[in-house]
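These notes are about the structure you will find just below.
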Amino acid sequence: MKEIAKAYDPKLVEPRWYKRWEDSGAFRGERREGCAAFSIVIPPPNVTGVLTMGHVLNNTIQDILARRARLQGKRVLWLPGTDHASIATHSVIERELRKEGVTRWDLGREQFIRRAWDWSDHHGGIILRQLRGLGCSCDWERTVFTMNEAYARAVSTAFVKLYERGYIYRGKYMVNWCPATLTALSNEEVIMKPQHSLLFKMRYEIVELPGQFMEISTTRPETLMGDTAVAVHPHDVRYRSVVGKHVWRPFPRAQIPIIADEAVDREFATGVLKVTPAHDALDFEIGQRHGLPALEVINPDATMNELAGKDFVGLDRDEARKLATRKLDELGLLVGQEPYQNNVGYSERADVPIESRISEQWWMRYPKVEEAKRAVRDGLIRFWPQRWAKNYLHWLDNIQDWCISRQLWWGHRIPIWYRKGCDRALSQNWHVSVDGPKDPENWEQDEDVLDTWASSWLWPFATMGWPSPNEKEARDLAYFYPTTDLVTGPDIIFFWVARMIMAGLEFMGEAKELLSDDELADRIPFRNVYFTGMIRDVQGRKMSKSLGNSPDPLDLIDKFGADGLRFGIMSVAPKGQDILFSEERMQGGRNICNKLWNACRFRQLSGALHDNTSLARMTARIQMSWFDEYDHWIIWRLVETVKQVESAFEKYEFNQLTQALYGFFWSDFCDWYLEVSKVKLEHPETSAHCLAIQDLVLRQVLLMLHPIAPHITEELFHRLGFVDEESLLQDCGVESPDQLLDLLSGAGIEIDQPAAEQVECLKEFVSRARALKSQYNLSNRRDVTLFFTADEENTVFIESHTVVIKRLVGASALEVRADVSDAPGAVTAIATVYLDLASTLDLEVERERLGKELFRIKRAVAAAKGRLGNEEFLKKAPAKIVAGARQQLLASEAKKDEIERLLAGLGG
RNA sequence: GGACGGCUAGCUCAGCUGGUUAGAGCACUCGGUUUACACCCGAGAGGUCGACGGUUCGAGUCCGUCGCCGUCCACCA
C-alpha cells in the first residue's frame, strides 16, 4: 500500500495519466459492430489560435460527454482538427507583410500561400497540445486540418456538385465589401455597430423650378457624386407636383430625376432620399426598379475615383466626406448638420466599416432549406436549450443567397477555370471540376477562394472520408455518422450549425430534392446540439484582449489543476446562460479534488484494502445483518445521487451534475458517513463491513465524477484497487440507477427507507446539540453532558446511538431524563435535547432564544391551521396535500407545546 | 422596430408539471491543534422571490401590463 500525500498535487498526477491514456489508445474511436456508437466532431479552432476560456468550457463539455459515453460502454469517437480560418489568417499574414513594407502582390500568390502554410505549421497544433493539457480525450490519430489535401477535395467536390445541381451562380450584385482586406463578405461576417455620426442637411435646386430647393438628409455626403436620382414616397403630398422633374446634383453638376418609390420613409427628415445605386443596398434596389445608372465613385480600397471629380480623386472616404461638406457649404447648399446616432456595418475580421459595392461574385442558393427546418422542427435534431431552435428557424425563413467567393489567397481556390482569352461572363467558357481541365495550358483558374464556412460546413462528414472514403472510412462513416452531439456557441448558429445541417442533408446520400423522414434521419449531421453560454468576466463584460480580463487557461490549470478547472467551470455554468467567470470560483473545483484525495487517504489509513476489483466482490463483504441506519441512509443517498446524475446527463444540465456530486460526496459522505465511521472503525466487528460500504460509495463516486475530473479519479481508482494495474477506469463502466439497485439486491442488500430517514432525525439532534454548545461558547469542550427527554420509542432509538451522538457532538455523557429544568434545551422531531450547564444557565439568553423559536413555530402552526380551516381548501385540494397539512400541523403543535413547556420551566 | 433570455440572500445561481417554515456554493460573523483534509471542521446571521394587477382554496412557480439588464435579427438615408 502506497501512502497517500496529505495534499493533492495535480502536477504529479495529471500528465502521467494523460500519457498513459494516449499511449494505450484509450481515445481511439474504434468500431465494434453491435455496440452503441457515440461521436462528436470538435468545432475546429483556428489553426493559429491559442486556448481561451471559451475553448475550455466548450471542450470540457465535449470531453465530459465522450468520457461518460465510454463509461456507458459505447464506442466513442471524438474527432479533432483545426480550421484554416481563411480571412483571419490572411489578415495576419498581410499585417506581417505590411511591417516588412511589402504587399501581397509584391510577394505573389505562391509565396504568400507558402508563408501562410509556414505560419500554420508553426502555430498550428499549439491549441491542440493545450487541449491535451486540459485532459481532452480526442482521437488524435484522426486530427484533420481543413487545408489538407483530402479535405480540400471534399470542398471542391461539394462545390462542383452544387454547381451541377444548379445551386451556384455567378452574378454582379450588391455585396458587403471590406476595404481593408479587399474582399467581399457574407452578411454574417458584417457586424452592426452604433456610431456617433453627423446627419447633414443639404438642398438640391429643382431644375424646372429655379430658386426652389429640395432638402435632403444624409450621413454620407461623400457619395453624392454617385447620386443618380432623388426619391420621395409616391403618396407624399408635399412632393407630388415635383415627381418627374429634376434636381441639380451640385458636383459634378448634373441633372438627376426626382422619382417616387415606396421604399422611402416619409417620416424620416424631409422625406427626400438621395439615391446612390452603386454604394448603398437600398439605393441599389431602387435603382434597379427605376432603371437608374449606377455610378461608382468609390474604389475598392475606399478612396475616391475620377468619377467623383478631380478634387476628390484619391481621397479617403473620411476626407472626402469633409471636403464634400465644405464644398456644399461654399455653394450655400449645406443647410445644417447635427449629431446623429446610426448603425454602421463593420467587417468582422478587419474591424473597419464595410462598403456596399456592386461586384461580380459567386453565389450559392442554399440547398435543403425546408428539410433543414423540418429536421429541427420535428425534433430529429434537438437543440439544448430548445429556445435556440426558434432563432434558427427564423434565420432559415429569411435566408438570402450566400456570397461564397472571397478575393483572398489563403483558402480553397474555387474549382472553376475560364478558357483563356474568352469572355468569362459566358458559362460556355467555364470548366467546373474537382481535378481541373485536361488541357490546363488553355485555361486559367478563378483567382478567388471560398468563404471559410463553405469548407467548415462539411466538417461532420468531410473529416470522416467523404466523398471518397476508403473501405475502413466507409464503415466508420456508416457507424459514427450521424454524430451524436455537437457542442458549440450560439454565436455561430447561422455561420456553422445551420449550414452543416443543410450540407449534411444535401450531400450524405443521393442527389434528391425531397427527403423522407428516414432519409432525413440518416443524413442529419448530428442529433443533439448543445449551445454553451458565453464566458464573461464578473462584471458581465465579454472577455477581450484589450480589457485584459481574459485569464490564460494554462495559468489556471497550473493553479487549480486541469480537473479543478474543469469542475470549477462546469459548476459555474448555468444552463443556457452566459457564464460570469472569476478565478475565485475555480477554487471550489480544486477543493473538491483535494477533499476527494483526502477521503481516499482516510480510507487507506483506516484499514487494509481487500479485493475491490468488482462491485460483486465488494458487496460480498457487506451483510444485510450488519446494516444500521447510517448504512441504509448512505446507500439510499448514493442511489438518489446516481439518479440525479443520470438525469443531469440526459438533460445536459452540467451544473446540476456538479452540484449533485459535490453535495453528496462532501455533505453526506464526508461530513456524516465518514464521521460516523470513525466510531465503527474502532470495533473490529463493524470495521470491515463499514470499510466495504465506504469502498462501494467511493467507487461509484469516482465513476460518476470521472467524466468531469478524469485524472484524479483515475489515480484514486487505481490506488483503491478498483481496477487492475493494466486496465483503466473507463473499462469498468458505470452503473445506471437500475443496474446499481439490481446489483445491490442481487447481493441481498435492500434499502430500508424508514431507517434511512431516521438518520435525518439523528442529524437534527446532533446539530441542535452542537448549536447549544456553540451558543454557550463550549464548542471547544468535548466533555459536556447532554440530557434528553423523549417518548419511549425514541428513547430506545437515541440510546442505541449514544456512542455516535456523543462522538459527533463532542459530549462525554448523554442521559435520558424524565424532566429537565435549569438547562438550555432545543426541540427536535424525536426528542428535546438539553445542555447540562449546572448553575451557569443564563435565563435571559435562553428566554430570548426560545422566544424566537416559538415565534417561528407559531407562525407555522397558524399557517397550517389557516389552510385546514378553509373549507375550500379541504374541498378542492388533493387528499395527499390535505393529509400532509394535517400531519404538519400535528408536528408543529407538538413542537410548539414543547417549547412552551421549556419556557415555562425557565419561569418565562 | 421584431424575437428571445434574465431580474430569488452581499455575489453567482437552484427551485421540475402551482401545494409543508424558499435552497446551495462563495463571501460574511462566531468558535475550533476532535487520530483524512485549514484547499479543513462546527455553529450562525442574511432573501418575501424586479413593480403592479389578475386567475386560484393556495403563486417565486400560471396570465396580463410595465420597468431595468443582456443577446440575436432587421435597419430610415
Side-chain angles (χ1 to χ4, degrees), chain A residues 4 6-8 192 199 216-220 223 231 263-265 267-269 272-276 280 282-283 342-343 345 385 387-388 390-391 394-395 398 490-491 493-494 534 536 538 540 560 564 571-580 582 584-585 587-606 647 651 653 655-656 658-659 662-663 667 670-671 674-675 678 681 767 770-775 777-780 782 807-810 856-857 859-861 863-864 867 870-878 880-882 884-885 887-889 891-892:
Chain A
I4 305 188
K6 202 166 174 177
Y8 173 58
M192 302 305 285
L199 187 64
I216 305 168
S217 294
T218 182
T219 52
R220 300 204 65 189
T223 64
V264 178
D265 179 3
E267 309 297 316
F268 187 84
V272 185
L273 172 70
K274 68 192 263 309
V275 183
T276 323
D280 183 275
L282 179 67
D283 294 4
N342 64 341
N343 288 324
R387 63 190 158 85
W388 292 110
K390 201 167 173 179
N391 240 349
H394 183 255
W395 183 72
N398 297 289
D491 49 330
I493 189 165
F494 312 134
M534 300 267 279
R536 296 165 176 281
V538 212
F560 305 117
S571 60
V572 124
K575 59 178 171 194
Q577 292 301 119
D578 285 353
I579 294 139
L580 304 192
S582 83
E584 244 170 39
R585 305 226 179 112
Q587 284 172 9
R590 177 198 56 190
N591 293 354
I592 194 167
C593 288
N594 190 249
K595 189 77 175 174
L596 199 60
W597 182 261
N598 275 290
C600 293
R601 178 164 177 264
F602 178 60
R603 167 64 191 88
Q604 281 202 335
L605 297 172
S606 299
S647 139
K651 296 187 204 148
E653 288 176 349
N655 62 340
Q656 195 83 28
T658 55
Q659 223 174 309
Y662 188 101
S667 308
C670 292
D671 289 350
L674 285 189
E675 290 308 315
K678 286 174 183 173
L681 294 174
S767 262
R770 283 168 172 170
L772 287 174
K773 279 180 70 183
S774 185
Q775 278 149 12
N777 284 324
L778 294 171
S779 294
N780 53 340
R782 305 199 53 76
R807 174 70 166 244
L808 294 187
V809 175
R856 234 181 272 167
I857 197 68
R859 214 170 45 182
V861 169
R867 249 200 320 281
N870 185 336
E871 264 183 53
E872 294 295 307
F873 173 71
L874 296 176
K875 236 181 349 201
K876 293 180 182 168
K880 212 173 101 185
I881 298 296
V882 177
Q887 210 176 348
Q888 194 234 327
L889 178 60
S892 301

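Here is how names work: the chains are called A, B, and so on, in the same order as the sequence lines, proteins then strands, and each is numbered from 1. For the numbers below, each heavy atom of this structure counts, side chains included, while hydrogens, waters and symmetry mates do not.
- The residue A:Met192 sits close to a base: some heavy atom pair falls under 4.0 Å.
- Here B:rA14 is the nucleotide among B:rC26, B:rA14, B:rA77 with the atom lying nearest to any side-chain atom of A:Gln656.
- Candidate nucleotides B:rC75, B:rU21, B:rA77 were compared by shortest atom distance to the side chain of A:Ala860, and B:rU21 ranks first.
- Each of B:rC76, B:rA36, B:rG19 was ranked by its minimum atom distance to the side chain of A:Leu674; first place goes to B:rA36.
- The residue A:Ile857 sits close to a base: some heavy atom pair falls under 4.0 Å.
- Enclosure of atom CZ in A:Arg856 is not indicated, since only 12 or fewer non-hydrogen atoms of other residues, nucleotides or ligands lie within 6.0 angstrom.
- The base of B:rA27 has none of its N or O atoms less than 3.5 Å from a complementary donor or acceptor on the side chain of A:Gln587.
- When distances are taken from the side chain of A:Asn780 to each of B:rU20, B:rA36, B:rG32, the shortest belongs to B:rG32.
- Note on A:Lys390: every side-chain N or O is 4.0 Å or more away from OP1 and OP2 of B:rG5.
- Phosphate proximity of B:rU20 to A:Ser892: absent, as no side-chain N or O sits under 4.0 Å from OP1 or OP2.
- The side chain of A:Arg387 has B:rG5 as its nearest neighbour among B:rC13, B:rC37, B:rG5.
- A donor-acceptor pair under 3.5 Å is formed between the side chain of A:Arg585 and the backbone N or O of A:Leu580.
- The residue among A:Glu675 and A:Asn342 whose nearest nucleotide of RNA chain B lies closer to the 5′ end is A:Glu675.
- One C1' atom belongs to B:rG70, the other to B:rG50, and the distance between them is 15 Å to the nearest Å.
- Donor-acceptor pairing under 3.5 Å, judged by distance alone, is present between the side chain of A:Lys595 and the base of B:rC37.
- Rounded to whole Å, the distance from CD1 on A:Ile579 to C1' on B:rG6 is 14 Å.
- A pairwise comparison of heavy atoms in A:Gly810 and A:Lys773 identifies O-NZ, 2.9 Å as the closest pair.
- Set against B:rC11, B:rU34, B:rG19, the side chain of A:Pro878 has B:rG19 as its closest nucleotide.
- The distance between atom CZ of A:Arg536 and atom P of B:rC13, rounded to the nearest whole Å, is 11 Å.
- As judged by a 4.0 angstrom heavy-atom cut-off over every strand, A:Phe560 is placed among residues making no nucleic acid contact.
- Proximity of a side-chain donor or acceptor of A:Asn398 to a complementary backbone N or O of A:His394 within less than 3.5 Å is detected.
- Residue A:Lys875 is classed as having no contact, given no heavy-atom separation below 4.0 Å to the nucleic acid.
- Residue A:Ser767 is in sugar-phosphate contact alone, with no base atom involved, counting any heavy-atom pair closer than 4.0 Å across all strands shown.
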(Q) For RNA chain B, please output the secondary structure as dot-bracket, reading 5' to 3'. Pairs are Watson-Crick or G-U wobble, both atom distances under 3.5 Å; mark crossing pairs with [ ], other-strand partners with |, unpaired with a dot. (A) (((((((..((((.....[...)))).(((((.......))))).....(((((..]....))))))))))))....
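- The nearest whole Å value for the distance from the CZ atom in A:Phe873 to the P atom in B:rU20 is 10 Å.
- Below the 3.5 angstrom threshold, one finds a donor paired with an acceptor across the side chain of A:Asn343 and the base of B:rC75.
- Out of B:rA14, B:rC39, B:rA36, the shortest distance to the side chain of A:Asn594 is found at B:rC39.
- Counting any heavy atom pair closer than 4.0 Å across all strands shown, A:Ala771 reaches sugar-phosphate atoms only and no base atom.
- Phosphate proximity of B:rC40 to A:Asn591: present, with a side-chain N or O under 4.0 Å from OP1 or OP2.
- Contact between the side-chain N/O atoms of A:Arg770 and the OP1/OP2 oxygens of B:rA43 is found at a separation under 4.0 Å.
- Contacts of A:Cys593 with the nucleic acid, taken as non-hydrogen atoms under 4.0 Å apart, are absent.
- Between the side chain of A:Arg770 and the main chain of A:Leu808, a donor-acceptor pair closer than 3.5 Å is present.
- Comparing the same atom, C1', in B:rC13 and in B:rG6 gives a spacing of 12 Å after rounding to whole Å.
- Classification of the A:Tyr8-A:Trp597 ring pair by plane angle, with boundaries at 30° and 60°, yields tilted.
- For the P atom pair drawn from B:rG31 and B:rC16, the interatomic distance equals 39 Å after rounding to whole Å.
- In this structure, the side chain of A:Asn655 does not engage the main chain of A:Ser571 through any donor-acceptor pair within 3.5 Å.
- The backbone N or O of A:Asn594 sits less than 3.5 Å from a side-chain atom of A:Asn598, completing a donor-acceptor pair.
- Of the candidate nucleotides B:rG5, B:rA36, B:rC73, B:rG5 has the atom lying nearest to any side-chain atom of A:Gln577.
- Side-chain proximity of A:Ile881 to the nucleotides B:rG25, B:rG19, B:rG42 is greatest for B:rG19.
- If you take atom C1' in B:rC11 and the same atom in B:rU17, they sit 31 Å apart, rounded to whole Å.
- Residue contacts for A:Ala863: at a heavy-atom cut-off of 4.0 Å it reaches the sugar-phosphate backbone alone, with no base atom in range.
- For the pair A:Lys678 and A:Phe602, the distance from NZ or CZ to the six-membered ring centre is under 6.0 Å and the angle to the ring normal is within 45 degrees.
- With B:rA77, B:rG42, B:rC11 as the candidates, the nucleotide lying closest to the side chain of A:Asp671 is B:rG42.
- Contact detail for A:Ala263 and A:Leu282: the closest heavy-atom pair is CB-CD1, 3.9 Å.
- With hydrogens and angles ignored, a donor-acceptor pair closer than 3.5 Å exists between the side chain of A:Arg807 and the base of B:rU35.
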